[in-house]
Amino acid sequence: MKVGFIGTGSMGSLLIESFIHSGALKPQQISASNRTHSKVAELARRYPGLHAAQSNRETAAESNILFICVKPLESKAVTDEIRNVVSEEQIVVSITSPVQVRILEHALKAKVSKIIPSITHQVGSGASLCIHGSRITEEDRSLLEELMSHISRPIRVKESYTRITSDFSSCGPAFLAFFMDQWIQAAVQATGIDRTELCGLAGEMIIGTGKLLTEGGMTPAELQARVAVPGGITAEALALLDSSLHSVFPELIQATHNKYEEDMQKVDVSFGLKPINRQQY
């Protein structure tokens, strides 16, 4: 099986490296292209056998599965470039959430899926969101999800829930990191404790909490109840968080959905389609 990657920026290169390090793919199975060829050449230098293609057409032509890892407004130019070399038997996977599956199915005759990855795949963890198009067979689904299972937990979601699920799986690590950074910074200023020590402690806490919510079968509410003894320190702090952050999360969801809708409309226009308001919340 040959797997191609158009776009080797932050997420494209992360996927390539994660697949190789996990053993899911050998460098010899991978072809990649990028607007800046030197970036692909560097990947080929680090992973002997990886083919640094000279064009996106070359990458597309020799791939059974083709990942398109470009920014939303670059998708039209890429599909125009590869349209004539992509066949009905190939699987094209977009990792760009605002680009709808129906648009890619209209632009290309290939079988189409959308998979939203996460930075957590770098350590073989986290969820990858899978939205499969109408031409994808159950065999194709199994093939794609088996590939993603080497670096993540593949989860099928409805395309209408792409944004809200991405808030947790893809944006969530940054949101949590922001919260932890603010908390750690306040702790260092208040006590003088070593920042590196607290970062390590916070990381272990997040890993353990994640396991309680998955392997341990707890809900967030159950976890809070187990830790927060009535009248205790944790309960006092939770009351502060509840009063202080009451409006933050609805506003966060509003902000991410507004940006998502804006991006989708721009993509529609770039493909020559009339923008449609599709907010689902």
Do Thr120 side-chain atoms and Ser125 backbone N/O form a donor-acceptor pair below 3.5 Å? yes
Within the side chain of Arg57, is there an N or O that forms a donor-acceptor pair under 3.5 Å with the backbone of Glu81? yes
Could you check whether any side-chain N or O of Ser18 sits under 3.5 Å from a backbone N or O of His121, counting only pairs where one atom can act as donor and the other as acceptor? yes
Decide whether Ile136 and Ile95 are clustered together by the hydrophobic rule: side chain heavy atoms of Ile, Leu, Val, Met, Phe, Trp, Tyr closer than 4.5 Å, transitively. yes
Point-to-point distance, once rounded to the nearest 0.5 Å, from CD1 of Ile193 to CG of Leu201: 7.5 Å
Can you tell me if CZ on Arg226 sees more than 12 non-hydrogen neighbours from other groups inside 6.0 Å? no
Using atom types as modelled and distance alone, determine if a side-chain donor or acceptor of Lys114 lies under 3.5 Å from a backbone N or O of Ser97. yes
Heavy-atom nearest pair, Arg135 first then Asp140, reads O-OD2, 4.1 Å
Begin from the C-alpha positions of His257 and Glu262 and carry the test side-chain hydrogen bond (donor to acceptor under 3.5 Å, both in side chains) through to its verdict. CA-CA 8 Å; His257 278 70; Glu262 177 187 328; over 6 Å; no
Which pair of non-hydrogen atoms, one from Gly7 and one from Val70, has the smallest distance, and what is that distance? CA-CG1, 4.3 Å
Over all atoms of both residues, closest heavy-atom pair of Gln54 and Glu58: N-OE1, 2.8 Å
Under 4.5 Å between any side-chain heavy atoms of Lys158 and Ile131, yes or no? no
Tell me if a side-chain donor or acceptor on Glu197 pairs with a main-chain N or O of Asp194 at a distance below 3.5 Å. no
Heavy atoms only: give me the nearest Gln29-Met1 pair and the separation to one decimal. NE2-O, 3.1 Å
Other residues, nucleotides and ligands only: do more than 12 of their heavy atoms fall within 6.0 Å of CZ on Phe175? yes
CG of Leu104 to OG of Ser94, rounded to nearest 0.5 Å, is 5.5 Å
Of all heavy-atom pairs linking Pro27 and Tyr47, the shortest is CB-O, 3.8 Å
Has the side chain of Ser118 got a donor or acceptor atom that lies under 3.5 Å from a matching backbone atom of Ser169? yes
Look only at the side chain of Thr96 and the backbone of Val99, and say whether a donor-acceptor pair between them is shorter than 3.5 Å. no
Minimum side-chain heavy-atom gap Glu88-Lys109 below 4.5 Å: yes
Any salt bridge between Arg163 and Asp263, counting N to O under 4.0 Å? no
Heavy-atom donor-acceptor pair, Ser128 side chain to Pro117 backbone, under 3.5 Å: no
Test Glu145 against Cys130 for side chain to side chain contact (heavy atoms under 4.5 Å, CB included), laying out the working first. CA-CA 8 Å; Glu145 291 172 14; Cys130 303; 4.1 Å; yes
Should Arg156 and Glu138 count as an ion pair when the cut-off is N to O under 4.0 Å? yes
Taking the side chain as everything from C-beta on, heavy atoms only, tell me whether Leu129 gets closer than 4.5 Å to Ile115. no
Could you walk me through whether His106 and Val101 satisfy the side chain to side chain contact (heavy atoms under 4.5 Å, CB included) test, starting with their C-alpha distance in whole Å, then the side-chain angles of each, then the deciding distance to 0.1 Å, before giving a yes or no? CA-CA 9 Å; His106 178 73; Val101 168; over 6 Å; no
Side chain to side chain, His37 and Asn34, heavy atoms closer than 4.5 Å: no
Identify whether the distance between the nearest side-chain nitrogen and carboxylate oxygen of Lys39 and Glu42 falls below 4.0 Å. no
Counting only heavy atoms not in Leu198 (residues, nucleotides, ligands), do more than 12 fall under 6.0 Å from its CG? yes
When rounded to the nearest 0.5 Å, the distance separating OG1 of Thr162 from CD of Gln100 is 6.5 Å
Determine whether more than 12 heavy atoms belonging to other residues, nucleotides or ligands lie under 6.0 Å from atom CG of Leu241. yes
If hydrophobic clusters are built by linking Ile, Leu, Val, Met, Phe, Trp and Tyr wherever their side-chain heavy atoms come under 4.5 Å apart, do Leu50 and Met11 end up in the same one? yes
Is there a side-chain contact between Ile16 and Thr8 in this structure, where contact means two heavy atoms from C-beta onward sitting under 4.5 Å apart? yes
To the nearest 0.5 Å, tell me how far Ile103 CD1 sits from Thr79 OG1. 9.5 Å
Using a 3.5 Å distance criterion without hydrogens, assess whether the side chain of Thr234 forms a donor-acceptor pair with backbone atoms of Ala228. no
Between Arg102 and Glu105, does at least one N-O distance fall below 4.0 Å, as a salt bridge requires? no
Any side-chain heavy-atom pair from Tyr260 and Pro98 closer than 4.5 angstrom? yes
According to a hydrophobic-cluster definition based on side-chain heavy atoms being under 4.5 Å apart (Ile, Leu, Val, Met, Phe, Trp, Tyr only), do Phe67 and Val86 belong together? no
Non-hydrogen side-chain atoms of Val3 and Asn64 separated by less than 4.5 Å: no
Under a 4.5 Å cut-off applied to non-hydrogen side-chain atoms, are Ile68 and Val93 in contact? no
Side-chain (Ser152) to main-chain (Ser149) donor-acceptor, under 3.5 angstrom: no
Leu245, Leu238: one ILVMFWY side-chain cluster at the under-4.5 Å cut-off? yes
Given Gln185 and Arg195, is the side chain to side chain contact (heavy atoms under 4.5 Å, CB included) satisfied, shown in steps? CA-CA 8 Å; Gln185 183 175 317; Arg195 182 181 181 86; 4.1 Å; yes
Residues, nucleotides or ligands: over 12 heavy atoms within 6.0 Å of Arg35 CZ: no
NZ of Lys211 to CD1 of Ile206: how many Å apart, nearest 0.5 Å? 13.5 Å
Counting only heavy atoms not in Phe271, do more than 12 sit closer than 6.0 Å to its CZ atom? yes
Between Leu14 and Ile30, is there a shared hydrophobic cluster once you connect ILVMFWY residues whose side-chain heavy atoms come closer than 4.5 Å? yes
Yes or no on side chain to side chain contact (heavy atoms under 4.5 Å, CB included) for Ile151 and Phe19, after CA distance, side-chain angles and deciding distance? CA-CA 7 Å; Ile151 62 172; Phe19 283 135; 3.6 Å; yes
Approximate separation, where rounding is to 0.5 Å, of Glu159 CD and Thr165 OG1: 10.5 Å
Minimum heavy-atom distance Val85-Gln90, with the two atoms named: O-OE1, 3.6 Å
